[in-house]
Structures are given as structure tokens and as C-alpha cells.
Amino acid sequence: MNRRQVICTAILLALIGAILPLGLAFYIAWTRTVAQEQRDLEATAHSGLQHAQEVLAQIEDTLRYFQTLAVKPCSQEHIQQMRAATISTREVDEIGYFRNLALKCSSWGRIQERIELPAPDMVLGNGVELRLNTFPMASPNTRMIDIFYRSHNVLSDPVRFVDIELDSSMQIAVLTANGKLISSRHGPSPEVVQKVLSGVQPAMDREVLSVMARGQDFSVVVTEPRSKIVEKLRREQMLLLPMGLLLALIIVGLVVWFSRRRLSMVGELGIAIERKEFSVHYQPILELQTGRCIGAEALIRWRRPDGRMVRPDLFIAIAEEHKMISQITEQVFRIVIRELRDMLVADRDLHIAVNLSAQDMQNGRALKALHRMLAGTGIEPGQIWLEATERGFMDVDTARATIGTAREMGHAIAIDDFGTGYSSLSYLQQLPLDALKIDKSFVDTIGTDSATSSVTPHIIDMARSLNLLIVAEGIESEAQAQYLKDKGVHFGQGWLYAKAMPVGEFLSFYEVNLRESGAPFPQVLKEL
Ligand SMILES: Nc1nc2c(ncn2[C@@H]2O[C@@H]3COP(=O)(O)O[C@H]4[C@@H](O)[C@H](n5cnc6c(=O)[nH]c(N)nc65)O[C@@H]4COP(=O)(O)O[C@H]3[C@H]2O)c(=O)[nH]1
């Protein structure tokens with residue numbers, strides 16, 4: 001992933017991370033509120049049904065009482081009893097006595113006019129008849145529910161059937177079992193009520209919550225516009241939104257932390273070490289006189305997940321600065337042993353040079369790790385050479401100790417990039433080194449009249465006087481190679497011969513080289 005992709009992904013993830021928990025909190029608050037409201041509606045519908053049935057039962061009791069009352073119909077006493085019942089029974093507003101389906105007297109007294117019972121709207125299982133739109137003589141504008149049994153009827157205010165505790169945001173309708181409206185409160189929509197009754201989910205269920213309770217004689221529908229539950233939703237949100245907000249903050253924080261880590265080279269390097277994103281390429285080292293390949297320098301390669309390569313001189317410095325280099329050195333050792341173990345065991349003339357950083361030289365941890373890794377592999381320690389730059393030898397005492405340990409273990413040790421730092425002859429004399437590598441910058445000056453071109457022969461003379469093996473790196477031309485050969489430089493590496501290459505290519509190169517050069521293993525190395 002490149003920088004831009006990391007930033008875009010981070011922004012996207014941060015947005016999702018912020019929106020998702022908040023959206024989730026909102027969604028949970030909404031569904032919890034709706035579910036709670038649905039439960040409240042159900043409870044209201046059931047209590048509405050129970051109440052309507054109790055009202056009916058009360059009226060039926062009154063009717064049954066008059067059925068068994070042994071008084072002369074429409075006598076003073078009969079009318080008196082009817083009046084008493086309207087006073088003592090809340091559900092009973094008026095009582096009437098019928099003969100041949102015509103009203104003879106009521107709790108108001110005797111009736112002179114002929115009032116006949118119309119056809120009932122519904123007949124209950126016990127023979128009680130219901131008429132839903134009765135307008136009594138005493139108050140002709142008031143609709144009453146007429147409940148008739150055998151010879152008596154009761155007129156009851158429809159409100160009695162819905163007289164329950166009702167939330168101001170809810171609407172209730174009590175209907176007969178065959179769906180005719182008895183009474184309602186808070187004006188429920190007749191269409192919604194009919195749809196709920198018929199079992200069809202109301203089309204506007206996005207706007208209305210509804211519940212139905214069905215009894216033997218009545219059905220009760222309770223509705224509530226969703227807009228009315230906003231207040232309750234807010235209360236729920238007050239509870240959940242802070243949690244969502246906290247989660248969003250945590251996610252956004254994590255995204256920022258991860259992306260910053262990903263964006264910084266140090267962070268990326270740490271991830272690369274964890275994920276073992278490194279590989280090793282091998283640059284052949286040849287004896288200059290014969291052209292025989294005696295081994296290779298192991299050079300680390302880091303390919304990032306997006307496919308881009310990072311130059312080692314860039315990330316090695318950062319790894320050193322942030323104390324990550326030892327892990328990298330260990331990974332290089334591990335890769336070299338894994339990739340070349342068989343070949344190193346089969347061919348004792350093959351040598352691989354591995355770079356040690358200044359820190360590796362100072363803390364000696366890499367050497368211990370190498371010792372552990374080589375145990376039981378069959379590889380001779382002498383087949384692994386170690387190279388360290390001048391900086392690695394700055395602290396002469398520590399350097400001497402580390403070189404001593406390395407040599408005791410059987411490794412040859414070389415000073416890399418010689419001449420680029422402050423090393424002097426006297427300084428070199430104090431270190432028990434095996435080889436000196438001439439830096440490419442000096443090889444580049446061969447045949448030129450640059451100011452440093454005169455340094456190269458001095459470095460070579462110095463190395464020779466200290467009896468060190470000399471390896472020149474960065475040889476790119478025949479002229480450079482010839483010059484170095486003439487000066488008695490033993491070994492060289494550079495694009496003139498081969499670039500650093502993956503293990504498979506190197507092994508082929510090595511086999512072809514051995515076949516074609518036909519030269520024996522160099523005497524100078526046997527003496528090491
Ligand atoms: N232009 C040109 N370049 C040539 C030629 N011949 C060799 N080179 C390059 O010169 C560098 C030689 O390695 P170095 O001096 O140890 O310099 C190395 C070394 O200091 C460091 N390095 C590489 N691998 C490791 C490692 O495993 N551990 C440590 N600590 N440092 C490493 O990174 C530096 C750069 O490594 P590379 O990029 O692989 O670059 C390599 C190599 O590819 C040539 O003819 N022409």
C-alpha cells in the first residue's frame with residue numbers, strides 16, 4: 001500500500017469507525033424503543049380487551065337480574081328498580097323493558113310512543129344482542145350502545161368500553177368480533193384499524209405501530225404514530241449514544257495510531273520485521289586473477305506489501321537508529337542458512353559474507369544468535385564471513401573483543417567500506433581482522449584524475465602491509481578490474497561480474513562459474 005492509499009484507507013476506516021458505532025447506537029436505541037413501545041401497546045390492548053369484557057359482563061349481570069325479577073312489568077316498582085340500577089351501576093346509563101320488540105317502559109318511566117328494536121349489529125354466543133348506533137329519546141344526539149337480552153335492554157355510553165388508562169400518544173378502538181366499531185379514543189385511523197383487523201400489516205407501518213388483541217366478543221386495536229416515540233427514543237439515545245461515541249473515539253484513535261505507524265518508516269520497519277518481509281540477494285565474489293567465484297555477499301532486500309523495494313542503505317540506517325538492526329541481522333542469518341544450507345554443506349569452498357551493523361559489533365548479540373543457528377546445520381562457521389563497516393570498529397576495545405569472539409567461533413571478519421570513515425593504519429593495526437573491503441567510491445576513481453584516486457593505492461598498500469585479504473567492491477569496468485589485479489587485490493565483486501541476485505540464480509551462476517573457470521580454490525583462503 002502506498003502513502004496515498006494508506007491515507008485514503010485510514011480516512012475511510014476512520015469515517016466508518018466513527019459512523020458505524022454511532023449508527024449502531026442509534027439503530028439499537030431505535031429498535032429497543034420500538035420493541036418497548038410494541039410491548040406497551042400489547043399491554044394496553046390486552047387491558048383494553050379485558051376492560052371491555054368486564055363492562056359487558058357487568059351489563060349482562062344487570063340484564064340477567066331484571067330477567068329474574070318477579071315484579072309486574074312497567075309497574076312503579078319495576079321502574080324504580082330500573083332507575084336504581086342506572087344509579088348504582090356505572091356501566092348502565094339507561095334500562096328499558098320490551099314486549100313484542102317494542103319499548104314499553106324504561107328507567108325514565110312509561111313510554112307512550114311506539115319504539116321498536118331494529119335488527120341487531122351482532123348477536124353474542126349467549127343470545128345477547130348488540131346495537132351499536134342507538135340514539136335515546138332523552139338525548140337524541142348521543143350515540144349509545146344498546147345491549148339487549150330477552151325482554152330488557154341497557155343503554156351504555158360507548159366511552160365506558162374504552163375507559164382505561166391510555167397514553168396520550170396512543171389510540172384505541174374497541175370493536176365487535178365481526179369488526180364493527182363500538183368505541184374509540186384519541187381518534188385512531190379507521191383504515192389502519194381495518195387493516196390491522198384484517199391481519200394485513202398496515203401499509204403505513206413505517207409511520208404507525210399497531211397491535212391487536214382478540215377476545216370472544218371483542219377485538220381491540222391500539223395504534224401509535226412512530227413520530228410520537230421520538231421522545232422516548234431520545235431518552236434511550238442518551239443512554240446508548242455516549243457508549244457509541246466512546247467506541248467511535250476508540251476506533252478512530254486506533255485507526256490514527258495504525259496509520260501513523262504504517263506511514264512512518266520506523267513503524268513500517270517494525271511491521272516488516274514482525275511479518276518477515278525481507279529476502280536476501282547474493283552478489284558473487286570472485287578471485288580477480290582466475291575469475292573463480294568463491295562465494296557471495298548476502299545483501300538484504302525489503303519489498304513492501306505494495307511491491308515497492310526499499311533500498312537497504314535507507315532502512316538499515318533507520319533500523320540502527322531505532323535499535324531494530326539486531327532483529328534484521330538475525331533474519332538475514334536465518335534466511336542465508338535456510339536457503340544455502342545444503343549447498344554450504346555439500347561444497348566447503350562456498351563462502352557467504354554477511355553484514356554486521358555497528359550495534360551488532362557492540363552488543364555481540366548477533367554472534368550469539370549465529371552460533372545458535374549454525375548448531376547442528378553441518379555448516380562450517382568458517383564458511384560464514386562477517387563484514388562490518390568502520391563505524392562498527394569505532395570503540396576499539398569492544399570491537400577487538402567481538403572480532404576475537406567471531407574468530408574463535410571460526411568466522412573470518414572483514415572491515416567494510418574501508419576509507420570512507422576515519423580509520424588509519426595505526427587503528428587498523430590494533431584489530432585482528434582477516435580482510436579489508438575497498439569501498440566502491442575508491443574503485444570508481446580508478447583511471448580518473450579525481451582527488452581521491454591516489455588514495456586507492458595507499459589503501460591497498462596498507463592492507464597488504466597488514467597481511468589482510470583485499471576485496472574490492474563495485475567493480476564495473478575491465479579497466480578497474482585490471483588495475484586491481486595488477487595491484488595484487490585478491491577478490492572483487494561488482495556489476496562487471498554480476499549483480500546481487502536471488503538464491504536460485506546465484507547457485508546457477510556459481511555452478512557455471514566453477515565449470516567454466518576451472519580454477520582451484522584460492523591458496524590465500526586455505527590459509528585463513
Ligand atoms: N552501482 C553499483 N553498486 C554495486 C556494484 N556492486 C555492488 N553494488 C552494491 O553495493 C552495495 C555493496 O554492499 P555494501 O557496501 O555492504 O553496502 C550495503 C550495506 O552497507 C547495507 N546492507 C545491505 N545488506 C545488509 C545487511 O544484511 N545487513 C546490514 N547491516 N547492512 C546491509 O546496505 C548497503 C547497500 O546495499 P545494496 O543496496 O545491496 O548495495 C550493495 C550492492 O548491490 C556495482 O558494480 N555498481
Side-chain angles (χ1 to χ4, degrees), residues 269 272-273 276-286 288 293 295-303 308-340 352-363 365-367 369-370 373 384-393 402 413-421 435-446 459 470-481 483-484 489 491-503 505-506 509:
L269 202 53
I273 292 171
K276 301 194 170 57
E277 287 175 2
F278 304 106
S279 61
V280 169
H281 280 190
Y282 301 87
Q283 185 176 38
I285 303 173
L286 293 91
L288 291 179
C293 179
E297 180 182 2
L299 293 162
I300 194 165
R301 295 291 175 262
W302 176 22
R303 187 184 287 279
R308 282 191 302 140
M309 298 293 291
V310 188
R311 287 191 4 240
D313 38 7
L314 277 181
F315 69 83
I316 292 290
I318 295 174
E320 284 186 350
E321 200 184 319
H322 291 88
K323 308 264 180 289
M324 293 190 269
I325 190 69
S326 302
Q327 290 162 277
I328 293 182
T329 307
E330 285 179 27
Q331 288 196 16
V332 172
F333 283 147
R334 202 163 282 125
I335 296 170
V336 169
I337 292 171
R338 190 182 66 226
E339 292 186 335
L340 286 173
I352 301 297
V354 179
N355 287 282
L356 290 187
S357 74
Q359 272 163 37
D360 295 324
M361 289 300 290
Q362 273 147 30
N363 62 31
R365 227 181 289 153
L367 277 183
L370 177 61
M373 286 183 222
I384 305 294
W385 293 341
L386 303 170
E387 293 181 8
T389 52
E390 283 180 0
R391 281 197 306 116
F393 301 104
T402 309
I413 190 147
I415 184 163
D416 200 0
D417 304 337
F418 187 78
T420 54
L436 177 149
K437 282 190 102 172
I438 305 172
D439 188 60
K440 181 180 180 301
S441 56
F442 295 108
V443 174
D444 285 344
T445 65
I446 295 170
I459 295 175
I470 311 170
V471 186
E473 63 182 17
I475 305 172
E476 290 184 343
S477 69
E478 281 294 352
Q480 291 168 341
Y483 174 90
L484 293 164
V489 173
F491 304 103
Q493 61 186 92
W495 293 358
L496 176 65
Y497 308 107
K499 288 191 175 181
M501 56 187 96
V503 66
E505 281 176 43
F506 167 65
F509 175 94

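Worth saying up front: this structure is predicted, and the values here are computed from it rather than measured. Counting starts at 1 for both ligands and their atoms, in listed order.
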Given the rule in the side chain to side chain contact (heavy atoms under 4.5 Å, CB included) test, do D444 and Q480 qualify, once you have shown the distances and angles that lead to the verdict? CA-CA 8 Å; D444 285 344; Q480 291 168 341; 4.3 Å; yes
A side-chain contact here means heavy atoms from C-beta on lying under 4.5 Å apart; do L496 and E478 qualify? yes
Picking from H281, Q493, Q283, what satisfies side chain to side chain donor-acceptor pair (under 3.5 Å) with E297? Q493
To the nearest 0.5 Å, what is the distance between OG1 (T389) and CD1 (I415)? 8.0 Å
With a 4.5 Å limit on heavy-atom distance, are the side chains of V354 and F333 in contact? yes
Do S357 and D360 pair up side chain to side chain, a donor and an acceptor below 3.5 Å, judged on atom types alone? yes
Between ligand 1 and the protein, which N/O pairs fall short of 3.5 Å?
residue	atom	partner	partner atom	Å
ligand 1	1 (N)	E476	OE2	3.3
ligand 1	6 (N)	Q283	NE2	2.9
ligand 1	15 (O)	D417	OD1	3.1
ligand 1	15 (O)	E473	OE1	3.4
ligand 1	15 (O)	E473	OE2	2.8
ligand 1	16 (O)	E297	OE2	2.9
ligand 1	16 (O)	N355	OD1	3.3
ligand 1	16 (O)	D416	OD2	3.0
ligand 1	24 (N)	I300	N	3.1
ligand 1	39 (O)	R301	NH1	2.9
ligand 1	39 (O)	R301	NH2	3.0
ligand 1	45 (O)	W495	N	2.8
ligand 1	46 (N)	E476	OE2	2.6

